[in-house]
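What you are looking at is a predicted structure, and each value in this text was computed from that prediction instead of being measured.
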Amino acid sequence: MNIQNTIESKVKEGFLALYNIEIPTVEFQATRKEFEGDITVVVFPLLRYKKGNPVQIGEDLGKYVVENIPQITNYNVVKGFLNLVIEDAFYTNFFNSVLENAYYGFVAPSADEKAMMVEYSSPNTNKPLHLGHVRNNLLGYSVAEIMKASGKKVYKTQIINDRGIHICKSMLAWETYGNGETPESTGLKGDKLVGNYYVKFDQEYKKEIAQLIAKGKTEEEAKKQAPLLVAAQQMLLKWEAGDEKVVALWKEMNAWVYSGFEVTYKNMGVDFDTLYYESNTYLLGKDVVAQGIEKGVFYKKEDGSVWCDLTADGLDEKIVLRSDGTAVYMTQDIGTAIQRVKDFPDVGGMVYTVGNEQDYHFQVLFLILKKLGFDWAKQLHHLSYGMVDLPSGKMKSREGTVVDADELMLEMTATAKEISEELGKLDGYSEEEKNELYKTIGLGALKYFILKVDPKKRILFDPKSSVDFQGNTGPFIQYTYARIQSIIRKAAFDYSKPVVIDLHEKEKELLKQLEIYPEAIQQAATNYSPAIIANYTYDLVKEFNSFYQNVSILGEEDQDKKIFRVQLAKKVADTIKSAFSLLGIQVPERM
């Protein structure tokens with residue numbers, strides 16, 4: 001139990017002992033610099049449970065806490081704030097207890113706890129991954145890693161949208177205009193080649209619409225009757241009927257795309273434990289509809305279509321089967337969720353990383369699964385996130401105006417190179433080392449910029465400002481890590497044994513920040529928010545830099561103090577590396 005948990009427990013106990021009132025929570029904040037203290041209990045929220053003078057309540061609680069927690073040596077009350085002073089020995093004992101713990105902050109999963117499945121990426125096989133996919137992948141991967149660190153067993157998965165009219169559009173355009181082009185013959189990644197034909201389809205389709213309008217058709221008629229769209233619809237029917245030629249082309253073009261995706265995922269640093277394909281799942285769920293009708297969860301209309309009435313829950317009526325017996329996306333998602341638990345019986349919940357335009361869809365999906373009686377449906381979460389905008393405006397895949405994920409990563413590396421060369425601190429590096437460093441800095445900048453923002457918020461992404469070596473950026477934190485490595489390389493003495501010293505104020509502040517790392521991981525897991533880890537790390541780095549500027553490390557004459565400060569710097573570096581690993585970001589040994 002960390003000190004905050006101990007204080008919370010005693011404040012609750014004290015409130016009950018003093019006033020015979022139970023309180024559910026205790027609110028904390030860091031003590032303001034101008035007052036004595038290490039942690040502050042905010043008294044004002046407690047006035048909801050007991051009316052009175054907040055200063056007097058603070059005094060009562062302060063006395064109780066000092067009498068009942070040996071590590072609290074003093075207190076003071078400023079208005080409605082109870083400032084508590086924690087003895088130095090608590091922090092030095094804490095530090096020495098975690099000094100050699102390589103997995104500090106991480107919790108091992110317990111054998112009896114259910115696993116979680118985290119879905120992210122889920123691309124279409126008619127185009128390459130773009131900037132929106134970058135945020136999706138980085139969020140999903142990071143949340144999975146954070147949940148693992150918090151003590152959960154996690155499976156990472158994606159569902160690949162490999163069927164449907166949009167896939168047939170790329171196939172038809174390649175068949176019509178491709179002249180047998182392949183990734184090998186063009187030198188293009190397979191996903192890029194297929195994506196080009198998706199754009200080509202749209203260009204030619206628009207020409208056909210214009211021609212039909214010129215012949216007197218309305219725009220709506222022209223869109224429906226354009227020969228290319230009609231041919232794509234026929235191709236989809238052939239695919240669904242198992243036409244050998246169409247299925248062979250579908251398999252070949254999808255294989256090109258998968259090899260392209262693989263390269264992008266590797267460069268991005270994300271991975272998956274299992275894959276699902278829509279071509280295998282699109283018929284799932286139809287059997288569940290029949291069971292749902294029996295249970296009274298669904299009902300059939302006169303035209304034969306099947307619906308779920310959610311109006312009593314504040315939602316609307318949702319179709320789950322069309323009158324011709326075909327499924328809708330909702331049916332498929334119901335079936336896929338059930339299938340995943342069949343495939344992985346230890347799964348007790350799922351996280352879906354999908355943009356906020358699908359908020360309503362997931363509200364409905366989760367509610368239907370609960371109504372169908374699945375226990376694990378109580379542990380379903382939609383990791384909803386805002387779009388990523390660029391200074392140049394919105395992206396449109398059909399028109400080919402997307403920001404390609406591969407090109408973005410290359411641009412980030414190039415920007416990191418440009419800024420690093422301007423700073424001119426890479427003497428003695430080989431070209432290979434420089435290029436590796438540029439990639440580490442560039443991708444670190446991209447990932448940190450995206451992950452430091454609360455997932456629900458929209459992002460305006462500016463590549464240049466993200467690769468800044470000052471402020472709340474990935475490179476600033478990486479640079480601090482590299483600076484600490486330099487200190488450690490110069491520490492030519494044995495600093496392995498624990499020591500006990502009187503703490504400098506800056507050392508104590510840094511230890512306080514280190515001590516809350518496990519809590520930051522748990523909070524980030526509970527809130528599905530990598531932003532909590534990103535901003536924790538930035539606060540840790542700011543605290544270290546303040547310590548570094550105010551306290552001599554290698555120049556300290558007292559040997560025990562020097563040992564302690566090197567140990568402290570090393571633990572900060574280890575924690576930066578650990579926290580950044582949860583964000584999928586690497587740290588360089590030198591910069």
Side-chain angles (χ1 to χ4, degrees), residues 112-120 122 140 143-144 147 152-161 163-164 273-384 526 528:
D112 55 347
E113 190 167 357
K114 286 284 196 179
M116 292 292 285
M117 186 170 271
V118 180
E119 175 191 295
Y120 55 95
S122 304
V143 163
M147 289 175 79
K152 293 261 192 299
K153 183 178 180 184
V154 174
Y155 297 108
K156 302 172 191 165
T157 192
Q158 62 171 323
I159 183 158
I160 298 165
N161 302 307
R163 62 167 285 279
D273 301 308
T274 183
L275 306 177
Y276 286 84
Y277 297 88
E278 195 179 316
S279 54
N280 296 331
T281 65
Y282 80 107
L283 297 176
L284 290 177
K286 290 172 93 169
D287 54 338
V288 182
V289 171
Q291 294 161 21
I293 291 171
E294 281 176 33
K295 287 182 177 177
V297 176
F298 304 132
Y299 72 95
K300 201 176 259 196
K301 286 194 176 178
E302 284 177 17
D303 64 356
S305 60
V306 180
W307 297 70
C308 185
D309 185 357
L310 302 170
T311 50
D313 301 280
L315 306 178
D316 61 7
E317 293 188 350
K318 188 72 189 175
I319 189 168
V320 290
L321 218 57
R322 296 188 189 97
S323 54
D324 62 2
T326 55
V328 293
Y329 270 115
M330 185 60 69
T331 328
Q332 185 180 311
D333 282 352
I334 291 165
T336 303
I338 296 164
Q339 186 61 45
R340 284 171 172 170
V341 179
K342 284 179 186 167
D343 295 342
F344 296 89
D346 58 340
V347 165
M350 295 175 219
V351 177
Y352 294 81
T353 313
V354 183
N356 56 15
E357 71 279 5
Q358 294 291 329
D359 283 355
Y360 186 75
H361 175 84
F362 284 101
Q363 228 183 324
V364 171
L365 173 65
F366 299 166
L367 186 53
I368 290 175
L369 286 165
K370 278 180 197 162
K371 285 181 182 292
L372 288 167
F374 295 106
D375 277 350
W376 44 263
K378 296 173 193 140
Q379 299 300 324
L380 298 176
H381 180 76
H382 175 205
L383 177 49
S384 170
T526 302
Y528 308 96

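The minimum heavy-atom distance linking Ser122 with Gln158 is given by the pair N-OE1, 3.5 Å. For Leu369 against Ala337, the heavy-atom pair with the smallest separation is CD1-CB, 4.0 Å. Between Trp307 and Ser305 the shortest heavy-atom distance is NE1-OG, 2.8 Å. Here the closest heavy-atom approach between residue Ser384 and residue Gly355 is recorded as OG-C, 4.5 Å. Minimum interatomic distance between Arg322 and Ala327 (heavy atoms only, all atoms of both residues): NH1-O, 3.0 Å. Heavy-atom minimum distance, Asp346 versus Lys114: O-CD, 3.3 Å.
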#### Entry: side-chain contact (heavy atoms from CB on, under 4.5 Å) between Val143 and Thr353, worked out
CA-CA 9 Å; Val143 163; Thr353 313; 6.0 Å; no
### Query
Would Tyr528 and Val118 count as a side-chain contact (heavy atoms from CB on, under 4.5 Å) if you check the C-alpha gap in whole Å, the side-chain angles of each, and the deciding distance to 0.1 Å?
CA-CA 11 Å; Tyr528 308 96; Val118 180; over 6 Å; no
### Message
Using the rule given for side-chain contact (heavy atoms from CB on, under 4.5 Å), can you reason through Asp309 versus Tyr299, listing the C-alpha separation, both sets of side-chain angles and the distance that settles it, and then say yes or no?
### Response
CA-CA 8 Å; Asp309 185 357; Tyr299 72 95; 4.0 Å; yes
### Task
Carefully, step by step, assess Arg340 and Glu119 under the rule side-chain contact (heavy atoms from CB on, under 4.5 Å).
CA-CA 11 Å; Arg340 284 171 172 170; Glu119 175 191 295; 2.8 Å; yes
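With Thr157 contributing its side chain and Thr274 its backbone, the two residues share a donor-acceptor pair below 3.5 Å. When atom types are taken as modelled, the side chain of Lys286 and the backbone of Gly325 share a donor-acceptor pair closer than 3.5 angstrom. Between the side chain of Lys153 and the main chain of Glu113, no donor-acceptor pair closer than 3.5 Å is present. With hydrogens and angles disregarded, a donor-acceptor distance shorter than 3.5 Å links the side chain of His382 to the backbone of Val354.
Under the side-chain contact (heavy atoms from CB on, under 4.5 Å) criterion, Thr281 pairs with Ile159, Tyr276, Glu278, Leu284, Gln332, Thr336, sequence neighbours left out.
The distance from the CG atom of Leu310 to the CG atom of Leu367 is 5.0 Å, given to the nearest 0.5 Å. To the nearest 0.5 Å, atom CG of residue Asp273 and atom CE of residue Met117 are 8.0 Å apart. Rounding to the nearest 0.5 angstrom, the gap separating the CZ atom in Phe298 from the CD1 atom in Ile293 is 8.0 Å. With values rounded to the nearest 0.5 angstrom, Ile334 atom CD1 is found 14.0 Å from Gln339 atom CD. Taking CD of Glu357 as the start and CG of Asp359 as the end, the distance is 8.0 Å to the nearest 0.5 Å. Atom CD1 in Ile338 sits 7.5 Å away from atom CD in Gln291 (nearest 0.5 Å).
Side-chain contact check for Val328 versus Lys318: every heavy-atom pair is 4.5 Å or farther apart. When side chains are defined from C-beta on, Met350 counts as touching Val341, because their heavy atoms get closer than 4.5 Å. The side-chain heavy atoms of Asp333 and Tyr352, taken from C-beta on, include no pair separated by under 4.5 Å.
Counting only residues at least two apart or on different chains, the ring pair (Phe, Tyr, Trp, His ring centres under 6.0 Å) pairs with a member in residues 310-351 are Tyr155-Phe344.
For Lys300, the NZ atom is loosely surrounded, since the number of other residues' heavy atoms within 6.0 Å does not exceed 12.
Each of Val289, Leu315, Ile368, Leu372 was compared with Cys308 under the side-chain contact (heavy atoms from CB on, under 4.5 Å) criterion, and only Ile368 meets it.
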